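Below is one structure; the comments refer to it alone.
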Amino acid sequence: MRITQGTFSYLPDFTDDEIAAQINYALDNNWPLSVEFTDDPHPRNVYWEMWGLPMFDLKDAAGVMLEVNACRTAYPRSYVRLNAYDARLGRQTTAFSFLVQRPETEPGFRLDRAEGSDRRIGYTTFSYAATQPPGHRYG
């Protein structure tokens with residue numbers, strides 16, 4: 001199962017040149033970038049580990065790609081995403097966020113159904129990868 005999260009989730013994975021083009025677009029709009037990684041890509045897990053600090057001072061796509069590749073090398077079996085932030089409206093908002101790396105195999109999710117009072121039915125997603133301890137979920 002392919003995890004689809006972020007701005008370009010409906011597209012095939014980007015090449016490094018396409019990632020650099022998106023970085024240049026963000027930098028042209030004065031949007032700082034950050035790199036994050038996780039081994040638990042549950043849709044409600046919004047708190048990924050941050051790779052370094054947000055890059056407020058970088059103005060070159062090569063510097064951002066250097067950090068992306070360093071994170072990929074350090075965590076080869078994790079999900080890695082790139083975020084761009086827009087502060088034009090006086091608050092920090094995410095302009096875009098997309099995956100730049102994923103594990104070779106993605107075990108997917110199961111849907112758990114729970115019946116409540118008054119015949120209410122609730123659903124919860126559970127990641128098959130979460131059955132393993134953190135750091136050992138992929139490979």
Side-chain angles (χ1 to χ4, degrees):
M1 173 182 204
R2 179 181 162 83
I3 302 295
T4 55
Q5 290 185 10
T7 308
F8 307 109
S9 62
Y10 54 92
L11 296 173
D13 290 339
F14 283 174
T15 64
D16 283 357
D17 290 337
E18 292 169 330
I19 293 169
Q22 294 303 320
I23 292 170
N24 281 323
Y25 179 78
L27 294 174
D28 289 345
N29 285 289
N30 295 315
W31 297 340
L33 295 139
S34 72
V35 179
E36 297 176 334
F37 64 94
T38 190
D39 65 352
D40 181 16
H42 190 281
R44 293 190 182 227
N45 177 17
V46 295
Y47 299 109
W48 290 28
E49 298 291 327
M50 188 173 271
W51 177 262
L53 296 172
M55 296 169 261
F56 293 104
D57 56 344
L58 288 180
K59 301 298 180 200
D60 183 23
V64 178
M65 281 303 296
L66 184 71
E67 293 300 321
V68 167
N69 289 328
C71 185
R72 287 172 168 170
T73 302
Y75 298 97
R77 292 186 300 256
S78 292
Y79 291 89
V80 178
R81 74 178 172 198
L82 185 65
N83 304 308
Y85 301 105
D86 183 4
R88 284 182 295 184
L89 301 175
R91 59 190 174 275
Q92 196 75 357
T93 59
T94 304
F96 67 70
S97 175
F98 63 96
L99 294 176
V100 294
Q101 174 181 290
R102 58 182 70 242
E104 288 182 23
T105 59
E106 298 177 273
F109 292 86
R110 94 172 166 250
L111 188 64
D112 291 338
R113 176 181 164 160
E115 296 188 25
S117 62
D118 298 328
R119 301 180 68 164
R120 291 190 184 122
I121 299 173
Y123 295 93
T124 305
T125 56
F126 179 80
S127 172
Y128 289 118
T131 59
Q132 301 295 324
H136 301 282
R137 292 182 173 158
Y138 298 96

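Everything numeric here is computed off the predicted structure, so don't read it as measured data.
- Contact record, Val35 with Met55: CG2-CE, 3.7 Å, taken as the closest heavy-atom pair.
- For Pro54 against Met50, the heavy-atom pair with the smallest separation is CD-SD, 3.8 Å.
- Distance check: Ser34 OG to Leu82 CG gives 7.0 Å after rounding to the nearest 0.5 Å.
- Ring geometry, Trp51 versus Tyr75: the interplanar angle exceeds 60°, so the pair is classed perpendicular (tilted spans 30 to 60°).
- For Tyr47, the OH atom sits in a loose shell: 12 or fewer heavy atoms of surrounding residues, nucleotides or ligands are nearer than 6.0 Å.
- The side-chain heavy atoms of Val68 and Gln101, taken from C-beta on, include no pair separated by under 4.5 Å.
- Each of Thr93, Asp86, Ile23 was checked for a side chain to side chain contact (heavy atoms under 4.5 Å, CB included) with Trp31, and the lone residue meeting it is Asp86.
- In plain terms, the two heavy atoms of Thr38 and Ser78 that are nearest each other are O-CB, 3.3 Å.
- Of the inter-residue distances, the one linking Asn30 atom CG with Arg88 atom CZ reads 9.0 Å to the nearest 0.5 angstrom.
- Although no hydrogens or angles enter the test, the distance criterion places no donor-acceptor pair under 3.5 Å between the side chain of Thr94 and the main chain of Tyr85.
- Here Phe14 contributes atom CZ and Phe98 contributes atom CZ; the two are 6.0 Å apart, rounded to the nearest 0.5 Å.
- Scanning both residues, Arg72 and Val100, for their nearest heavy atoms gives NH2-O, 2.9 Å.
- Taking every heavy atom of both residues into account, Ala84 and Ala26 meet most closely at CB-CB, 4.0 Å.
- Once rounded to the nearest 0.5 Å, the distance linking CZ of Arg81 with CZ of Arg102 reads 12.5 Å.
- Note that the CZ atom of Arg120 and the CD atom of Glu115 stand 13.0 Å from one another [nearest 0.5 Å].
- Judged by distance alone, the side chain of Gln22 and the main-chain N or O of Ile19 form no donor-acceptor pair under 3.5 Å.
- Note: the hydrophobic cluster containing Leu11 also contains Tyr25 (ILVMFWY, side chain heavy atoms under 4.5 Å, direct or indirect links).
- When all heavy atoms of Leu99 and Trp48 are compared, the pair lying nearest together is CD2-CH2, 3.6 Å.
- A distance of 10.5 Å separates CG in Leu33 from OG in Ser97, rounded to the nearest 0.5 Å.
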